[in-house]
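A short write-up of the structure that comes next.
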Amino acid sequence: MSTSPTRRSRGRWLPLAVFAAIAVLLAAGVWLSRNPNRDALPSPLIGKPAPDFRLPALHEPGRMVTAAELRGEPYLLNVWGSWCPGCREEHAVISEFAKTKRVRVIGYNWKDEHSDALRWLEQFGNPYWLVLVDYEGHAAIDWGIYGAPETFLVDGDGTIVWKYVGPMTPEVLRTQLLPQVERLEAP
């Protein structure tokens, strides 16, 4: 049983066609990955009310803080933990921004030991107007938090207007956060 010359000819081109298809897919992947912020996940919460929560204050044992108590003025919610290397990396940037007092900077201590969080703030300084604690990480689920550091900007009505995943840098502060803060400050 012999194969026809046409069938043999098609068989020769099959590996070349497979190679060409793979090359096209790789080229498309390289083209799509040229976005420098490709690791950032857009938050479905942008433009929506900040989730309700009731969390303890780190420095005031027994005090529970709710989302409703924070409404009325904008705030920056910075998710951090003493165990987080990126949080240490961004701490100076957050501290410098907090000194401007343009918006309240609220710490969200996530999945940390109470004593470790206090020690970390003593060592590196406390730039926060208030530090909330989510020991178990339950409220973080509603915020869509999947790692630290993460930072949210919430307007005075309690709507999330901006989110950044990863360590805050001077460039991110200047090019992303400050324009958002200026929009909130505009009459």
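For this chain, numbers begin at 1 and follow the sequence in order.
Using a 4.0 Å cut-off between charged nitrogen and carboxylate oxygen, Arg174 and Glu171 do not count as a salt-bridge pair. Taking a cutoff of 4.0 Å between a charged side-chain nitrogen and a carboxylate oxygen, Lys48 and Asp155 do not qualify as a salt bridge.
Checking side-chain atoms of Asp112 against main-chain N and O of Ser82 turns up a donor-acceptor pair under 3.5 Å. A distance-only check finds no donor-acceptor pair linking the side chain of Gln180 to the backbone of Gln176 [under 3.5 Å]. The main-chain N or O of Leu70 is never found under 3.5 Å from a side-chain atom of Glu73 such that the two would form a donor-acceptor pair. Listed for the His91 side chain is no donor-acceptor partner under 3.5 Å among the backbone atoms of Gly86. Under the 3.5 Å distance criterion, the side-chain polar atoms of Glu90 are left unmatched by any main-chain donor or acceptor of Pro167.
Hydrophobic cluster membership is shared by Phe124 and Leu76, with clusters built from Ile, Leu, Val, Met, Phe, Trp and Tyr side chains linked at under 4.5 angstrom. Residues Ile141 and Val65 do not share a hydrophobic cluster, defined by chaining ILVMFWY side chains whose heavy atoms lie under 4.5 Å apart.
Checked options Thr151, Asp134, Asn78; the residue passing with Tyr108 is Asp134 (criterion: side-chain hydrogen bond (donor to acceptor under 3.5 Å, both in side chains)). Across Tyr75, Trp129, Phe97, a single residue satisfies side-chain contact (heavy atoms from CB on, under 4.5 Å) together with Val105, and that is Phe97.
Taking the six-membered ring for Trp and the full ring otherwise, the centers of Trp83 and Trp120 sit at least 6.0 Å from each other.
When all heavy atoms of Asp52 and Arg71 are compared, the pair lying nearest together is OD1-NH2, 3.4 Å. Contact between Leu184 and Pro74 at its shortest, heavy atoms only, is CD1-CB, 3.8 Å.
The local environment of CD in Glu182 is crowded, with over 12 non-hydrogen atoms from other residues, nucleotides or ligands closer than 6.0 Å. More than 12 heavy atoms of other residues, nucleotides or ligands shown are found within 6.0 angstrom of CD on Glu69.
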